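The structure presented is a predicted model; accordingly, all values stated were derived computationally and were not measured.
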Amino acid sequence: MGTLFVGGALTLTLGALAYPSMLGLDTVSNAQDRIIAQTQWGPLTEQDRNFVVAVRAAGLWEYPLGQIGLRKGTTPEVKRASEHLVDGHAALDASCRKIAPMLNITLPNVASPQQLSFVNQIDSQTGQAFDSNFANILRTTHGSIFNTVAKIRSTTKNSLVRQLADQANNTVLDHITVMENTGLVNYDTALFQQTTPPKLPKSDMTPPPPQPGEPMVVLTPPATATATPTITP
């Protein structure tokens with residue numbers, strides 16, 4: 001039953017992960033390569049813009065999961081992984097918020113409906129079930145986005161997006177490592193889920209735009225933060 005439960009949770013989670021894929025970030029297509037703005041940091045494509053939005057959206061659900069893990073994780077390894085989630089996504093969020101106005105990109109303030117429902121789902125778990133789902137789900141999502149970051153880094157002509165991709169690459173690799181260090185990752189399941197994402201409606205995986213005049217949500221760095229934003233104009 002435990003194995004089935006984890007597998008089911010992972011299936012639901014891939015909807016959240018699929019957000020970059022829905023934006024076309026898993027392939028370098030002609031449409032996503034379309035230049036939407038010329039900036040002093042290089043041309044900005046649809047793919048570049050969507051990547052910045054996707055990094056921001058990832059933080060809007062993984063940062064809260066890190067806070068939840070700090071409260072509910074039952075092992076030192078799960079709590080350490082939670083610390084890295086909060087620390088890493090706070091720094092990435094600061095970079096996104098810095099470059100978004102420079103590139104005229106509108107950032108979301110809340111995660112997608114599917115992502116929010118997933119956070120609520122994992123928060124309902126306790127004990128070993130929480131630890132296992134936490135580690136496996138986040139290892140799977142980070143494993144999938146890792147390839148996406150590499151494709152953006154190798155194709156973008158915008159120096160700000162390139163710097164964000166560098167930071168995201170380091171952060172995602174760190175998060176993959178700390179999830180694996182929990183000793184709870186089922187690699188067969190993770191690989192299967194990474195390579196066979198389900199098809200979900202775009203509306204379920206797209207964070208809504210902020211309301212006019214709505215203050216921007218800030219992911220506050222922890223007092224013991226070690227990760228730092230790396231964007232330089």
Side-chain angles (χ1 to χ4, degrees), residues 16-63 85-112 115 141-142 144-176 202-203 205-221 225-233:
L17 169 67
Y19 177 74
S21 297
M22 289 296 298
L23 292 174
L25 295 177
D26 57 336
T27 59
V28 181
S29 66
N30 291 332
Q32 289 297 312
D33 282 346
R34 184 174 68 88
I35 295 174
I36 58 175
Q38 294 288 353
T39 79
Q40 68 185 85
W41 303 279
L44 184 76
T45 66
E46 288 188 23
Q47 185 167 252
D48 294 333
R49 177 193 60 196
N50 293 341
F51 176 67
V52 177
V53 171
V55 172
R56 164 74 168 178
L60 292 172
W61 71 276
E62 292 178 23
Y63 179 97
L85 281 180
V86 172
D87 191 7
H89 279 292
L92 278 175
D93 187 68
S95 293
C96 287
R97 288 184 287 103
K98 181 175 182 178
I99 71 173
M102 299 165 72
L103 299 175
N104 197 28
I105 296 174
T106 300
L107 297 177
N109 259 339
V110 296
S112 70
Q115 290 168 339
T141 57
H142 283 87
S144 295
I145 197 67
F146 199 39
N147 293 329
T148 297
V149 175
K151 289 180 179 179
I152 293 295
R153 179 60 180 83
S154 66
T155 59
T156 184
K157 297 178 182 179
N158 187 282
S159 63
L160 294 181
V161 175
R162 196 154 49 239
Q163 290 180 64
L164 180 63
D166 284 340
Q167 183 182 348
N169 180 76
N170 294 335
T171 302
V172 171
L173 179 57
D174 173 68
H175 292 175
I176 287 174
K202 184 176 180 179
S203 58
M205 295 181 289
T206 304
Q211 296 298 313
E214 180 182 2
M216 181 170 289
V217 171
V218 175
L219 304 185
T220 307
T226 59
T228 56
T230 59
I231 302 295
T232 56

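N109 places no side-chain N or O within 3.5 Å of a backbone atom of P210 that could act as its donor or acceptor partner. Remark: the backbone N or O of T156 is paired with a side-chain donor or acceptor of R162 at under 3.5 angstrom. Judged by distance alone, with hydrogens and angles left aside, the side-chain atoms of R56 form a donor-acceptor pair with the main-chain N or O of P108 at under 3.5 Å. Side-chain atoms of Q115 never come within 3.5 Å of backbone atoms of P207 as a donor-acceptor pair (strictly under, hydrogens ignored). Within the 3.5 Å criterion, the main-chain N or O of G42 finds a donor-acceptor partner in the side chain of N158. Proximity of a side-chain donor or acceptor of N50 to a complementary backbone N or O of E46 within less than 3.5 Å is detected.
Shortest non-hydrogen contact noted between A91 and P229 is O-CG, 3.8 Å. Contact record, C96 with L107: O-CD1, 3.7 Å, taken as the closest heavy-atom pair. Taking all atoms of both residues into account, the shortest heavy-atom contact from A168 to F51 is CB-CZ, 4.2 Å.
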Quiz prompt | Test side-chain contact (heavy atoms from CB on, under 4.5 Å) applied to L103 and R49, step by step | solution = CA-CA 8 Å; L103 299 175; R49 177 193 60 196; over 6 Å; no

Practice problem: For side-chain contact (heavy atoms from CB on, under 4.5 Å), just list the numbers for D93 and M216, CA-CA rounded to whole Å, side-chain angles, deciding distance to a tenth of an Å, and then say yes or no. | Solution: CA-CA 11 Å; D93 187 68; M216 181 170 289; over 6 Å; no

Exercise. Would you please test D166 and T230 for side-chain contact (heavy atoms from CB on, under 4.5 Å) and show each step?
Key: CA-CA 9 Å; D166 284 340; T230 59; 5.7 Å; no

Practice problem: Mind running side-chain contact (heavy atoms from CB on, under 4.5 Å) on R153 and N169 for me, showing each step along the way? | Solution: CA-CA 9 Å; R153 179 60 180 83; N169 180 76; over 6 Å; no

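For D174, the side-chain contact (heavy atoms from CB on, under 4.5 Å) partners at least two apart in sequence or on another chain are H84, V178. The side-chain contact (heavy atoms from CB on, under 4.5 Å) test applied to Q38 returns I35, P43, not counting sequence neighbours.
Counting heavy atoms from C-beta on, the side chains of T45 and D48 come closer than 4.5 Å. Taking 4.5 Å as the limit, some side-chain heavy atom of Q163 sits within range of a side-chain heavy atom of T232. Taking the side chain as every heavy atom from C-beta outward, T155 and Q47 approach each other to under 4.5 Å. Residues Y63 and V217 are not in side-chain contact: their nearest non-hydrogen atoms beyond the backbone lie 4.5 Å or more apart. In this structure, I231 and L164 have side chains that are in contact, with non-hydrogen atoms separated by less than 4.5 Å.
A distance of 9.0 Å separates OG1 of T228 from CG of D87, quoted to the nearest 0.5 Å. Taking CG from L160 and NZ from K98, the interatomic distance works out to 8.5 Å, rounded to the nearest 0.5 Å. Considering CG of L44 and CZ of R34, their distance stands at 10.5 Å, rounded to 0.5 Å.
Here ring-ring contact (aromatic ring centres under 6.0 Å, His included) pairs that include residues 85-108, with residues two or more places apart or in two chains, are H89-H175.
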